[in-house]
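Every heavy atom of this structure was used, including side-chain atoms; hydrogens, water molecules and symmetry mates were not. Chain naming here is simple, since letters A, B, ... match the order of the sequence lines and numbering starts at 1 in each.
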There are 2 protein chains.
Amino acid sequence: MTENLLENLLRKNGLKVTKGRKEVLRLMEKRKDEPMKAEQVYDLVPREICSSLSTVYRILNQLSQKGLLKSTLYQNGIMYYQYNSGEHRHYIVCSKCGKVAALENCPMDAFDNYIRKDTGFDITGHVFELTGLCPDCKEKLKSGK
Amino acid sequence: MTENLLENLLRKNGLKVTKGRKEVLRLMEKRKDEPMKAEQVYDLVPREICSSLSTVYRILNQLSQKGLLKSTLYQNGIMYYQYNSGEHRHYIVCSKCGKVAALENCPMDAFDNYIRKDTGFDITGHVFELTGLCPDCKEKLKSGK
DNA sequence: GTGGATGCAAACCATTTGCACGCCA
DNA sequence: TGGCGTGCAAATGGTTTGCATCCAC
């Protein structure tokens, strides 16, 4: 994503353009397929651009509030952030090795109307977190761990 | 659930029978439809049976490990516990008033095989958390908040 | 120049843990 | 009676916040 696009995206959302915000946004867009926690982001940002973990948290939260990022609290108690490309995706995480795979479709879509009818609720969001064993770990387990 | 069933259930799972564990298990079974957080459980247990919040946490975690309870970390950062009746259910929570409704079916079931084929993962578990507006809040919003 | 952005350290808060005491098997 | 369960207080750890300083506009 070009320098200009980044800056416009920030300005359009009422955020002042700073080195930190630009860097975090660029980084999240580059790794749009990988949900990341604050510490990972912090480790990827050069210290001279942003030297404080709390600032990374502040930036991630601002970008999330503006809808530029999506954030999800995983069952391990850690918040993961991801560039919001507008696509709606879910991931499955291997409970042994941590490998991540993306789902092609969201199982929810087909059930949206059904649930609306079933419960009378309007669905405004959902979290869908899968755990499982990836093919590699399955293989290793079979051959005696 | 009778006194005896409770005690057997604990013993069968290798847990010593204590007043605290019995009381928590009884309580969770009685309210099997309502996911509860540790503090709620603590408030429901008579002080003379269990006087410490940390003990409630310990009991809830033990019962969860043995599979007698299910535990889920919600997006608000709080762990909710629920009696594990073997049924598999999901809930939708109104983001305005907090009302909870149960889903009749689990959207996941239909997708289990599909995801296995899609990603090669064996699914060992999933968290499915919905947020939405209940009919009452929808109504209130329509008529000017 | 000035209000928002950042760095640092301290606060937060749900949950966990260490240790001394007490109770179930 | 011996080991596990409990109570209390202190620790933990990811995240947030207060405040002084700094930078974008």
Side-chain angles (χ1 to χ4, degrees), chain A residues 3-4 6-27 35-43 45-66 68-82 129, chain B residues 3-4 6-26 35-43 45-66 68-81 129:
Chain A
E3 207 69 358
N4 250 324
L6 282 174
E7 299 191 359
N8 285 339
L9 203 45
L10 288 171
R11 265 191 280 268
K12 199 186 337 175
N13 283 280
L15 292 172
K16 211 180 272 189
V17 176
T18 66
K19 278 179 289 180
R21 298 217 254 243
K22 248 164 57 181
E23 184 62 20
V24 169
L25 191 54
R26 181 195 346 265
L27 205 145
M36 281 191 291
K37 50 183 178 170
E39 221 185 323
Q40 292 177 287
V41 176
Y42 178 62
D43 288 340
V45 176
R47 267 317 130 273
E48 54 290 7
I49 288 185
C50 179
S51 71
S52 156
L53 179 57
S54 61
T55 299
V56 170
Y57 272 109
R58 275 192 277 236
I59 292 176
L60 289 172
N61 287 338
Q62 290 156 350
L63 298 182
S64 298
Q65 274 177 14
K66 299 299 186 181
L68 296 173
L69 302 181
K70 289 184 289 191
S71 62
T72 307
L73 181 62
Y74 281 38
Q75 290 299 302
N76 60 7
I78 293 176
M79 188 73 78
Y80 283 77
Y81 301 86
Q82 193 172 187
E129 192 180 334
Chain B
E3 206 71 358
N4 250 323
L6 282 173
E7 300 192 357
N8 286 338
L9 204 45
L10 287 171
R11 266 192 278 269
K12 200 185 339 176
N13 283 280
L15 292 171
K16 213 181 271 190
V17 176
T18 66
K19 278 180 288 183
R21 300 215 254 243
K22 248 163 60 180
E23 183 62 20
V24 170
L25 190 54
R26 180 194 347 268
M36 282 190 292
K37 50 182 178 172
E39 221 184 324
Q40 293 176 287
V41 177
Y42 179 62
D43 288 342
V45 176
R47 265 320 126 268
E48 55 287 11
I49 288 185
C50 178
S51 72
S52 156
L53 179 57
S54 62
T55 300
V56 170
Y57 272 110
R58 275 191 276 235
I59 292 176
L60 289 171
N61 286 338
Q62 290 156 350
L63 297 182
S64 298
Q65 274 178 14
K66 299 299 186 180
L68 296 173
L69 302 180
K70 289 184 289 189
S71 63
T72 308
L73 181 64
Y74 281 38
Q75 291 298 302
N76 60 7
I78 293 176
M79 188 72 77
Y80 284 77
Y81 301 85
E129 192 180 334

Atom pair distance, as rounded to whole Å: [atom1] in [X] and [atom2] in [N]:
| X | N | atom1 | atom2 | result |
| --- | --- | --- | --- | --- |
| Glu39(A) | dG13(D) | CD | P | 12 Å |
| Ile78(A) | dT15(C) | CD1 | P | 15 Å |
| Tyr57(B) | dG7(D) | OH | C1' | 16 Å |
| Leu53(B) | dT16(C) | CG | P | 10 Å |
| Glu48(A) | dC22(D) | CD | C1' | 17 Å |
| Leu15(B) | dT6(D) | CG | P | 10 Å |
| Ile59(A) | dA24(D) | CD1 | P | 13 Å |
| Lys22(A) | dA5(C) | NZ | P | 15 Å |

Nearest-nucleotide comparison on DNA chain D, the residue closer to the 5′ end among Lys16(B) and Cys50(B) =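 Its nearest nucleotide being more 5', the pick is Lys16(B).
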task = Between dT6(D), dC25(D), dT6(C), spot the one nearest the side chain of Arg11(A), thanks.
result =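 My answer, after comparing the listed nucleotides, is dC25(D).
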Does [N] have OP1 or OP2 sitting under 4.0 Å from an N or O in the side chain of [X]?
| X | N | answer |
| --- | --- | --- |
| Thr18(A) | dC23(D) | no |
| Ser51(A) | dC8(C) | yes |
| Ser54(A) | dG7(C) | no |
| Asn61(A) | dT15(D) | no |

inquiry  = Regarding dG4(C), can its base be found pairing with the side chain of Arg58(A) as donor and acceptor, where the two atoms are less than 3.5 Å apart?
reply    =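 Result: no qualifying N/O pair found.
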query = Pick one: which of Val56(A), Leu53(A), Ile59(A) meets side chain to side chain contact (heavy atoms under 4.5 Å, CB included) with Val41(A)?
reply =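 The option that passes is Val56(A).
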query = If you measure from the Lys or Arg side-chain nitrogens to the Asp or Glu carboxylate oxygens, is any gap between Glu48(B) and Lys19(B) under 4.0 Å?
reply =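 Between Lys19(B) and Glu48(B) there is no salt bridge, as every charged N stays at least 4.0 Å from the carboxylate O atoms.
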key: Glu7(B) bridged to Arg11(B) by N-O distance under 4.0 Å   =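 Yes, this pair counts.
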inquiry  = With side-chain contact (heavy atoms from CB on, under 4.5 Å) as the criterion, how do Arg47(A) and Tyr42(A) come out once you've worked through the C-alpha distance, each side chain's angles and the decisive distance to 0.1 Å?
reply    = CA-CA 9 Å; Arg47(A) 267 317 130 273; Tyr42(A) 178 62; 3.4 Å; yes
request  = Specify the residue among Lys19(B) and Lys37(B) whose closest nucleotide of DNA chain C lies further upstream toward the 5′ end.
outcome  =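 Nearest nucleotide further toward 5': that of Lys37(B).
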query = Once you round to the nearest 0.5 Å, how far does CD of Glu23(A) lie from CG of Leu6(A)?
reply =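 It is 9.0 Å, given to the nearest 0.5 Å.
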